[in-house]
There are 2 protein chains.
Amino acid sequence: MAEVTLRDVARAAGCSVATVSRVLAGTRPVGAETARAVREAADRLGYRPNEVARALRSRSTGTVGLVLPQITNPFFPSLVRELEHVLHAEGRAVLLADCDDDPETEAARIGALLGRRVDALLLIPVDERRSREAVAAAAAQVPLVLLDRGCGPGVADSVAVDNAAGMALVLEHLAATGRRRPCFIGAAGTASAAAERRAAYAAGVAALDPTAPERAVLGEFSVEWGRAAVDRIWPARPDAVVCANDLIAAGALQRLRQLGADVPGEVAVTGFDDVPLAGLADPALTTVRQPVAELAAEAARLLTRRPAAALVPVPGPRRPVRTVRLAPELVVRASSAPGGVRVEPCATS
Amino acid sequence: MAEVTLRDVARAAGCSVATVSRVLAGTRPVGAETARAVREAADRLGYRPNEVARALRSRSTGTVGLVLPQITNPFFPSLVRELEHVLHAEGRAVLLADCDDDPETEAARIGALLGRRVDALLLIPVDERRSREAVAAAAAQVPLVLLDRGCGPGVADSVAVDNAAGMALVLEHLAATGRRRPCFIGAAGTASAAAERRAAYAAGVAALDPTAPERAVLGEFSVEWGRAAVDRIWPARPDAVVCANDLIAAGALQRLRQLGADVPGEVAVTGFDDVPLAGLADPALTTVRQPVAELAAEAARLLTRRPAAALVPVPGPRRPVRTVRLAPELVVRASSAPGGVRVEPCATS
DNA sequence: GTGAAAGCGCTAACAG
DNA sequence: CTGTTAGCGCTTTCAC
């Protein structure tokens, strides 16, 4: 059967298309009897509003673009899931773009999404610096919220976990369980997660014991680097290895086991993010859980409350960007347990 | 600045909107000089075609809906990534829907995507049986390709890995490396991956040694089940544990280590899918790698070649559905290595 | 090769 | 409360 349109419904219900539109969109009050007839006709004909036409006319597609570096990064799927749920619950659809960790691809994807007239953009930038230009340009056109990673000061609203608070939780826990000679395996570069976590580690360790020499090595957020880094720090025999994320920690755990180290007896290992892998490692990894559902909800809230960019640039001071930081939670598992302490069992996958 | 439209470009180039449209879309030949002027004007004004208007007029949104059970299932992200790349390369955008493993949510998402007038649907069904109705209804409206899992016979075109071939590779490898007493930890239910893999195991083992008693236990595709199943099969002291997917295998590996079993010396363990976790397990997991990029390419090909459903149902025999099965590849790692054999190093995550 | 005109299906003024 | 009338920005006949 051909497509059922508003006209068909109007004809069947014996009224004008405007009335049908009003009933179905609930835009303005309509007589109870007419409304019933319209709904009945729409039902009977199996009418389904054409969102494309609606979008063209109302200048709003009900669509948000979700741009991320690489969906295969194990931290992202759960975030994508929560975002999808929150947005669909508001009747908005998600256009997904995977940038293959490449800023140029990212710029192209952003352009494609803007061409499709997304109402807003949710974006995890590929690179703190090299993403900035494209992000700033996009932010001038539609409401845009940065997620998980920053993109330079003042570029756009952003929502992320409080990395400093998370690192503080880790250090506190290690101190409380008697660890005295921690070291850090971090990531180099300016990405906010990398920079904030290593700064927080440095600050926290100094507060713990100002005389302790700082043992920190920097590489990247990968399992390989975790493995390699252990060879650099293990000779100093730390009693705790604080890792900047779970991938690094997984690699560190593997290598420590190969070297015959006793985890957690001899040395504790901690991660960050609580990706699915963390609960599956052996021993299960103590880590910092990001409040994923809250991050998603907060991002969605910022999107909807930020009014569309003015068509004509307003003179005067620019609206200040909003930065939301959410508190994470420490998840203590076997990799940092002092003897006999009960810990959370392995995660379920 | 207000939105730049075709009219603006036409005015700037000194021609009609029709001409501009033709130049930009390349629909019909246009004078070289005019074309140049148009392109120059479009560039200068920063014109970006409004895909919404284009979609309304041309009755094609250039958009594909991707519906999946749960993006957090570790097998899906790499598939989503490949699909996204293949589709974006053709200038199509991906509307993502996550069904939370629930058939009703799935039906609702499908409806929402159809309302948005997606040109086609790529769908990994939540359930072989309970998804069927919604999927069949959707397939009547737009081209639809089933991915990874089936949904009953004759419902729609489908693309998936050849599970039987994969299982045969595993059994062959185990036989070749001297394993004689395998057992199987599978998944119950009618989902195609579960059913095909356990059938292939049964057939392969019987062919290997018709007198061997079949040792198989069935549960679900989860780490927990892998752990629990080991307690059921270990007393019989198999020399190989064939698992229906990598999650099960990861659980089995954990439990075997707790029990003090020597993997791979005493018993080999194999998985299926080659999710990122597989290379990270200890010992790294021998598994069957799905040809993810090829699956994605094949799915995209089926989508574009299936002409849109006829507006008026044609009488006569229905077009037969196409079923594509792609051959997987065996990835031998430490969990099944006979002594001294070189195996692929850990995956890089 | 180019332009004028007619809509795609819907919403939003504006009258009644 | 309801109908009539304009379009949203684009593609696509149909003339020239």
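Letters A, B, ... mirror the listed sequences (proteins, then strands); counts begin at 1.
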Rounded to 10°, tell me the angle between the two end axes of the helix from dG1(C)-dC16(D) to dG16(C)-dC1(D), each built from five pairs.
-> 40°

Taking for each residue the nucleotide of DNA chain D bearing the nearest heavy atom, is the 5' side occupied by T27(B) or by A53(B)?
-> A53(B)

Does OP1 or OP2 of dC8(C) have a side-chain N or O of T5(A) closer than 4.0 Å?
-> no

Measure the spacing between CG of D100(A) and CD1 of I71(A) and express it to the nearest 0.5 Å.
-> 12.5 Å

Is R117(B) near enough to dG9(C) that one of its side-chain N or O atoms lies under 4.0 angstrom from OP1 or OP2?
-> no

Would a distance-only check, ignoring hydrogens and angles, find a side-chain to backbone donor-acceptor pair under 3.5 Å from D119(A) to S60(A)?
-> no

Could one point to a donor on the side chain of R28(A) or the base of dT11(C) with an acceptor on the other under 3.5 Å away?
-> no

Please determine if a side-chain N or O atom of S16(B) lies less than 4.0 Å away from the OP1 or OP2 oxygen of dG3(C).
-> yes

How many Å lie between CZ on R116(B) and P on dC8(C), as a whole number?
-> 22 Å

Do R22(B) and dG3(C) have a side chain to base donor-acceptor pair shorter than 3.5 Å?
-> yes

On a heavy-atom basis, the closest approach of L302(A) and R322(A) is O-NH2, 3.4 Å

Out of dT2(C), dT11(C), dG9(C), whichever nucleotide has its closest atom nearest the side chain of T34(B) | dT2(C)

Please figure out whether P49(A) or C15(B) has its closest DNA chain C nucleotide nearer the 5' end.
-> C15(B)

So, does R54(A) use its side chain to make a donor-acceptor pair with the main chain of R59(A) at under 3.5 Å?
-> no

Could you tell me whether T19(A) contacts a base, only the sugar-phosphate backbone, or nothing, with contacts defined as non-hydrogen atoms closer than 4.0 Å?
-> sugar-phosphate

Electrostatic pair R109(B)-E84(A), nearest N-O below 4.0 angstrom | yes

Quick one: how far along DNA chain D does chain A reach, first to last nucleotide 5' to 3', anything under 4.0 Å to a heavy atom?
-> dC1(D) to dG9(D)

